[in-house]
Amino acid sequence: MADMRAFREAVDGWTSGGSGEAASELAARLDVRTAVLLEGPSDHAAVEALAARRGRDLAAEGVCVLPMGGAMSVARYTGLLGPPGLGLRLTGLCDEREQPFYDRALDRAGAPRQGFFVCVADLEDELIRALGTERIEEILRAEGDLRSWETFVRQPAQHGRPRQRQLRRFLGTKKGRKIRYGRLLVEALEPDRTPAPLDGLLAAL
């Protein structure tokens, strides 16, 4: 929805030091009730893909999915969008190693932690474990990335590393690849194999 994109852009400008007037006006006009805080655009692609698979139109439900550009931004987003700011319900995903940043930010904003779900390493790792390495390689082949993958695993730095870690690293080696595969890996999931953090987040919205 174009208007929800405009709200995301207004929020991004606000967190960068701009005025919050546009974000506030759009939140009221669009009846935004929930903000889903994610670290980056690949997580955004995965959440939107799962919502579409389940027949959900998050924007129409008043849910805005917001990639923050990294976990270090969470305090700004929770402060502006949570109880001290727009008063939206806050939900999201975070990586286990960054959970303390989220906990502190939510506590400072006076927002509950219940709507946040923790990935062990990150969402890509959760998806790779859910699908299995053989299935991921089938997807790479279908997408025309198998040759690049085979070249990557022959690099000295990858020798002896577990396949799962190699795949996770490979997805981040080219600009835009993590975003594309965030969607593709979710679309390849069996309904009963959705990673628990992602499944929990959608169920909570």
Side-chain angles (χ1 to χ4, degrees), residues 1-52 54 56-127 179 182 186 194-205:
M1 179 183 287
D3 285 342
M4 198 60 84
R5 284 198 296 272
F7 176 68
R8 280 197 296 270
E9 291 169 1
V11 170
D12 289 342
W14 192 14
T15 61
S16 299
S19 168
E21 184 177 352
S24 181
E25 289 177 356
L26 283 165
R29 177 156 61 85
L30 300 173
D31 194 23
V32 181
R33 296 184 297 277
T34 300
V36 182
L37 303 183
L38 304 172
E39 289 193 24
S42 62
D43 298 338
H44 183 188
V47 170
E48 294 279 13
L50 184 60
R54 296 185 175 179
R56 302 277 300 274
D57 183 343
L58 296 182
E61 296 174 24
V63 176
C64 184
V65 184
L66 287 155
M68 301 182 294
M72 299 302 102
S73 299
V74 66
R76 291 199 301 275
Y77 278 81
T78 55
L80 295 177
L81 301 178
L86 296 184
L88 304 181
R89 175 175 175 251
L90 302 178
T91 65
L93 295 173
C94 69
D95 302 342
E96 188 174 62
R97 66 182 176 274
E98 276 135 10
Q99 186 177 359
F101 295 109
Y102 281 72
D103 289 345
R104 285 194 294 271
L106 291 165
D107 288 347
R108 189 158 53 246
R113 301 180 185 180
Q114 290 90 328
F116 284 79
F117 299 84
V118 181
C119 301
V120 173
D122 55 24
L123 184 54
E124 285 78 23
D125 178 67
E126 297 279 353
L127 290 168
I179 300 172
V186 166
T194 304
L198 189 57
D199 190 49
L201 176 63
L202 262 290
L205 296 177

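What you see is a predicted model; the values in this text were computed from it and never measured. Excluded from the calculations below are hydrogen atoms, water molecules and symmetry mates; all remaining heavy atoms, backbone and side chain alike, are included.
- Of all heavy-atom pairs spanning Asp95 and Val118, the tightest one is C-CG1, 4.2 Å.
- Closest non-hydrogen pair, Glu96 versus Val120, comes out as CB-O, 3.2 Å.
- Side chains of Leu198 and Val186 form a contact here, defined as non-hydrogen atoms less than 4.5 Å apart.
- Leu90 has its side chain within reach of Thr78: a pair of non-hydrogen atoms, C-beta onward, lies under 4.5 Å apart.
- To the nearest 0.5 angstrom, His44 atom NE2 is 13.0 Å from Met68 atom CE.
- Here the OH-CG distance, from Tyr77 to Leu66, works out to 6.5 Å after rounding to the nearest 0.5 Å.
- Listed by chain and residue number, nothing satisfies the side-chain hydrogen bond (donor to acceptor under 3.5 Å, both in side chains) test with Arg89 (two or more places apart in sequence, or in another chain).
- For Ser42, the side-chain hydrogen bond (donor to acceptor under 3.5 Å, both in side chains) criterion is met by Glu124, not counting sequence neighbours.
- Sorted pairs that involve residues 71-83 and meet salt bridge (Lys or Arg N to Asp or Glu O under 4.0 Å), not counting sequence neighbours, are lacking altogether.
- Scanning all heavy atoms of the two residues, the minimum distance from Leu123 to Ala46 falls at CD2-CB, 3.6 Å.
- Across every non-hydrogen atom of Gly115 and Leu201, the tightest pair is O-CD1, 4.1 Å.
- Between atom CG of residue Leu37 and atom CG of residue Asp43 there is a gap of 11.5 Å, rounded to the nearest 0.5 Å.
- A search for side-chain contact (heavy atoms from CB on, under 4.5 Å) contacts involving Ala22 returns Ala10, not counting sequence neighbours.
- Here Glu98 pairs with nothing under the side-chain hydrogen bond (donor to acceptor under 3.5 Å, both in side chains) rule; sequence neighbours left out.
- With sequence neighbours excluded, the residues satisfying salt bridge (Lys or Arg N to Asp or Glu O under 4.0 Å) with Glu61 are Arg56.
- Looking at residues two or more places apart in sequence or on another chain, you find a side-chain contact (heavy atoms from CB on, under 4.5 Å) between Asp103 and Gln99, Arg113.
- Scanning for side-chain contact (heavy atoms from CB on, under 4.5 Å) contacts around Ala27 gives Phe7, Val32, Leu86, with sequence neighbours left out.
- In terms of the side-chain contact (heavy atoms from CB on, under 4.5 Å) criterion, residue partners of Glu25 (sequence neighbours excluded) are, by chain and number, Glu21.
- Judged as a salt bridge (Lys or Arg N to Asp or Glu O under 4.0 Å), and not counting sequence neighbours, the contacts of Arg29 are Asp3.
- Here the straight-line distance linking atom CG of Leu50 with atom CG of Leu127 works out to 9.5 Å at 0.5 Å rounding.
- For the atom pair Thr91 OG1 and Phe116 CZ, the distance stands at 6.0 Å (nearest 0.5 Å).
- Leu30 has its side chain within reach of Met4: a pair of non-hydrogen atoms, C-beta onward, lies under 4.5 Å apart.
- Applying the salt bridge (Lys or Arg N to Asp or Glu O under 4.0 Å) test to Glu126 and every residue at least two apart in sequence or in another chain returns Arg129.
- Residues forming a side-chain hydrogen bond (donor to acceptor under 3.5 Å, both in side chains) with Thr34 (at least two apart in sequence, or on another chain): none.
- With values rounded to the nearest 0.5 angstrom, Leu93 atom CG is found 9.0 Å from Glu39 atom CD.
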